[in-house]
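Take a look at the structure set out below.
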Amino acid sequence: MRPLIICFLMLAMSVFRASAAEPYFTDKVDKHEVAILIIDMQNDFVEPGAVLCVAGALPTVPAIQDLAKFGRENNWKVIHVIRAHDPAGYNVDAPRIPLFTDGKKGYCVPGTHGAEIVDGLKPEKDDLVITKTRNSGFFQTNLDMVLRRMGVKTVILAGTQYPNCVRGTAADAMSYDYDTVICTDACSAKTPEVAEANIYDMKNMGIKIMSLDEVKKTYK
């Protein structure tokens, strides 16, 4: 009798687990073939004079606005992938720890002006925001899980900057078998030479390099 009771309890528990998990794997989740990843467009990287200002970032804001508007009109998911660091710098990249020591305020600390997404690119109601602590938007985040749950096949990258977070995220996206696109009008670096060198490398890695117009024509 006792073994039957145990078997019944185990069966009941398995049914409960299945029913509890079901909502996470149904078609109730919005589906999107394409996602735009807007990377690190935060005041500490974009505003002139900011602690880690990327000279080419501010001029890309109109192109990123255009790309995001086009994406929303075509049922693409807009995801803001941003930095978020502890005030003491415990979770920052090792080379940048000095920016958090000896009284320095660091960068992209939640609650500060520098951590905020720049004006003109503030997330809209249906956008997602994913925080990271390293260059790649995939490193120790749930970005891959979120993309797969929505059925995303293609990721289009925008933001700053080419040699660090754009490149790191693009390389990982390709490794996860996403159709990976760099929108050149919407990405930036400190100098045109740095941008060109990284575009050349990523193109040879197999990552797609497209202008904003090319993106619109290819993925409309």
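Sequence positions, counted from 1, serve as the residue numbers for this chain.
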Spell out, as yes or no, whether a donor-acceptor pair under 3.5 Å connects the side chain of [X] to the backbone of [Y].
X: R83; Y: T133; result: yes
X: D102; Y: P98; result: no
X: Q42; Y: E116; result: no
X: H32; Y: N75; result: yes
X: T60; Y: A57; result: yes
X: T169; Y: V166; result: no

Just checking, any donor-acceptor pair under 3.5 angstrom between side chains of D179 and T154?
yes

Are a donor atom and an acceptor atom from the side chains of S188 and T160 found within less than 3.5 Å of each other?
yes

Does atom [atom1] of [X] have more than 12 heavy-atom neighbours, drawn from other residues, nucleotides or ligands, at distances under 6.0 Å?
X: K104; atom1: NZ; answer: yes
X: K190; atom1: NZ; answer: no
X: Q140; atom1: CD; answer: no
X: K203; atom1: NZ; answer: no

Would you say the side chain of [Y] lies within less than 4.5 Å of the side chain of [X], judging by non-hydrogen atoms?
X: M205; Y: M174; value: yes
X: D30; Y: D126; value: no
X: F70; Y: K216; value: yes
X: K132; Y: V81; value: yes
X: M41; Y: H80; value: no
X: L157; Y: V155; value: yes
X: V129; Y: I79; value: no
X: I182; Y: Y162; value: yes

Could you work out, with salt bridge (Lys or Arg N to Asp or Glu O under 4.0 Å) as the rule, every residue matching D144, not counting sequence neighbours?
R148

Across all chains, not counting sequence neighbours, the salt bridge (Lys or Arg N to Asp or Glu O under 4.0 Å) partners of D185 are none

So, for [X] and [Y], which heavy atoms are closest and what is the spacing to 0.1 Å?
X: A50; Y: D44; value: CB-O, 3.5 Å
X: F100; Y: D86; value: CE2-O, 3.4 Å
X: I36; Y: G71; value: CD1-CA, 3.9 Å
X: S211; Y: T184; value: CA-OG1, 3.6 Å
X: T141; Y: T131; value: CG2-O, 3.5 Å
X: I64; Y: G159; value: CD1-N, 4.0 Å

Starting from M150, can I reach M145 by hopping between I/L/V/M/F/W/Y residues whose side chains sit under 4.5 Å apart?
yes

Do I39 and V118 share a hydrophobic cluster (ILVMFWY, side-chain heavy atoms under 4.5 Å, transitive)?
no

Evaluate the ring planes of H85 and Y107, with Trp represented by its six-membered ring, and classify them as parallel (under 30°), tilted (30 to 60°) or perpendicular (over 60°).
perpendicular

Test log, rule side chain to side chain contact (heavy atoms under 4.5 Å, CB included), inputs I82 and I117:
CA-CA 8 Å; I82 62 173; I117 294 171; 4.0 Å; yes

Test log, rule side chain to side chain contact (heavy atoms under 4.5 Å, CB included), inputs F45 and C165:
CA-CA 11 Å; F45 297 119; C165 299; over 6 Å; no

Using a strict threshold of under 4.0 Å (side-chain N to carboxylate O), is an ion pair present between D127 and K77?
no

Ionic contact status for R167 with D172, cut-off 4.0 Å:
no

Could you point out which residue of I207, V34, V215, L37 forms a side chain to side chain contact (heavy atoms under 4.5 Å, CB included) with V181?
V215

One pair to check against side chain to side chain contact (heavy atoms under 4.5 Å, CB included): Y219 and E33. What are the steps and the verdict?
CA-CA 10 Å; Y219 293 97; E33 284 286 322; over 6 Å; no

Could you go through T180 and K208, starting from their C-alpha distance and side-chain angles, then the distance that decides it, and tell me whether this counts as side chain to side chain contact (heavy atoms under 4.5 Å, CB included)?
CA-CA 6 Å; T180 305; K208 295 179 180 177; over 6 Å; no

